[in-house]
Asks: 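Please see the structure below; I have some questions.
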Amino acid sequence: LDSQIDQSAPVFAKSSTPTLSPPQLKFLENLPTVMVFSCLQKFIQWLKDGMYDFHTLPFTLKTHLSPEDQEALLQIPEKWKGGKSKLLDELKSLTGSLVHSEAHFSKNTNETLQMPMKKILGDFHFISQDDMLPMFIPNTICVQHYVAFRVVLRSLVATVQQHVADVEKVEVEKWQEFVGDIWDKRLPHSRTVQKEKPRFKEV
């Protein structure tokens, strides 16, 4: 029996990712069976939110946004006064700026963690005076919220991109309907006249 227990103990160690730490492996081995389903649900939601893309970043960059800040970000598309294509461009540009700053954020100090995201991006000259998006970003979103901020931005990009695609589709359909209306209702008479009209004068 002891030999069987010794053989079953390293199951997670053999099957898990090599980057798991000994405490993480120990946690999985000691996880009560009744908690497995809840943990799986949490893990699936974690993957769905895109958190896995940031698993290599330090925990100091993974502070949750406050409910107020998250809500303020999610309301940007509704409060945006310009075209949605412009918003989409600025969201993608801001995301790219954050990606370029990621290495710097990873080497953070306690002082840097508390810096507002807008200020540090401005210091890096990633934000220009022509950008409208920064005015919608709360000053309380700091470097320590980097991962949560990126996750919300990813959601916004997907939402706005779908809106832009839907609008373009509607515009194409309206144009096709307009052209079809002209062809079916306004041009038949012209086509009939053209058919009845002799192409050459008789000599």
Side-chain angles (χ1 to χ4, degrees), residues 16-24 27 41-169 171:
S16 300
T17 314
T19 54
L20 289 178
S21 64
Q24 290 171 330
F27 170 80
Q41 284 185 312
K42 188 69 175 177
F43 181 68
I44 291 172
Q45 186 62 43
W46 185 68
L47 291 176
K48 184 179 178 181
D49 292 341
M51 297 296 290
Y52 180 78
D53 296 340
F54 310 101
H55 74 282
T56 59
L57 296 179
F59 284 103
T60 50
L61 298 180
K62 298 178 180 179
T63 302
H64 293 292
L65 292 168
S66 69
E68 295 78 12
D69 286 345
Q70 181 158 343
E71 184 63 23
L73 292 175
L74 293 176
Q75 288 181 355
I76 289 177
E78 297 179 12
K79 296 182 177 180
W80 185 264
K81 300 301 182 183
K84 289 299 190 290
S85 295
K86 170 68 173 173
L87 173 58
L88 181 60
D89 290 341
E90 290 203 21
L91 285 170
K92 289 182 176 180
S93 176
L94 178 59
T95 300
S97 299
L98 290 170
V99 171
H100 282 94
S101 307
E102 191 171 284
H104 175 78
F105 293 155
S106 298
K107 301 175 183 178
N108 56 71
T109 62
N110 290 333
E111 182 179 355
T112 304
L113 289 172
Q114 303 299 324
M115 289 183 63
M117 193 70 74
K118 287 197 295 186
K119 182 182 185 307
I120 198 165
L121 289 176
D123 292 343
F124 290 161
H125 303 290
F126 284 138
I127 296 178
S128 68
Q129 296 180 348
D130 297 331
D131 293 334
M132 297 170 55
L133 183 59
M135 70 177 64
F136 294 97
I137 300 174
N139 290 320
T140 47
I141 296 179
C142 304
V143 173
Q144 63 183 347
H145 303 116
Y146 173 78
V147 171
F149 187 39
R150 284 282 310 277
V151 169
V152 175
L153 285 178
R154 178 180 294 178
S155 174
L156 287 174
V157 167
T159 300
V160 177
Q161 194 161 350
Q162 183 62 52
H163 175 82
V164 171
D166 291 342
V167 170
E168 291 178 348
K169 181 180 179 181
E171 290 178 349

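Please read all numbers here as calculations on a predicted model, not as lab measurements.
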Asks: Check the pair Leu121, Ser101 against side chain to side chain contact (heavy atoms under 4.5 Å, CB included), reporting the backbone distance first and the verdict last.
Replies: CA-CA 8 Å; Leu121 289 176; Ser101 307; 3.8 Å; yes

Asks: Measure the CE-CD distance between Met115 and Gln144 for me, rounded to the nearest 0.5 Å.
Replies: 12.5 Å

Asks: May I ask you to decide if the ring planes of Tyr146 and Phe54 are parallel, tilted or perpendicular, using 30° and 60° as cut-offs?
Replies: perpendicular

Asks: For the CZ atom of Phe124 and the NE2 atom of His104, what is their distance to the nearest 0.5 Å?
Replies: 3.5 Å

Asks: Side chains of His64 and Gln70: does their closest heavy-atom pair fall under 4.5 Å?
Replies: no

Asks: Might you work through the side chain to side chain contact (heavy atoms under 4.5 Å, CB included) test for Leu87 and Leu156, ending with a clear yes or no?
Replies: CA-CA 10 Å; Leu87 173 58; Leu156 287 174; over 6 Å; no

Asks: Between Lys118 and Ile127, is there a donor-acceptor pair closer than 3.5 Å when you use the side chain of the first and the backbone of the second?
Replies: no

Asks: Identify the two heavy atoms, one from His145 and one from Leu65, that lie closest to each other, and give their separation to 0.1 Å.
Replies: CB-CD2, 3.7 Å

Asks: Please lay out, stage by stage, how Phe136 and Glu90 fare under the test side chain to side chain contact (heavy atoms under 4.5 Å, CB included).
Replies: CA-CA 12 Å; Phe136 294 97; Glu90 290 203 21; over 6 Å; no

Asks: About how many Å separate SG of Cys142 and CG of Leu61, when rounded to the nearest 0.5 Å?
Replies: 12.0 Å

Asks: I'd like to know if the side chain of Ser66 and the backbone of Asp69 have a donor-acceptor N/O pair within less than 3.5 Å.
Replies: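 Pair found, side chain donor or acceptor close to backbone of Asp69.
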
Asks: Which is it for Leu94 and Ile137 under the side chain to side chain contact (heavy atoms under 4.5 Å, CB included) test, yes or no, and what are the steps along the way?
Replies: CA-CA 11 Å; Leu94 178 59; Ile137 300 174; 3.6 Å; yes

Asks: Could you measure the distance from the CG atom of Leu91 to the NZ atom of Lys86? Nearest 0.5 Å is fine.
Replies: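 Result: 11.0 Å between the selected atoms.
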
Asks: His163 side chain to Thr159 main-chain N or O, any donor-acceptor pair under 3.5 Å?
Replies: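 Answer holds: no.
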
Asks: In Å, rounded to the nearest 0.5 Å, how long is the span from CG of Leu133 to CG of Leu73?
Replies: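 Spacing of CG (Leu133) from CG (Leu73) equals 9.0 Å.
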
Asks: Can you check whether Phe105 reaches Leu57 side chain to side chain, under 4.5 Å on heavy atoms?
Replies: no

Asks: Quick one: CG on Leu88 to CH2 on Trp80, what's the gap to the nearest 0.5 Å?
Replies: 10.5 Å

Asks: When you measure from the side chain of Lys79 to the backbone N and O of Ala72, does any donor-acceptor pair fall under 3.5 Å?
Replies: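 No.
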
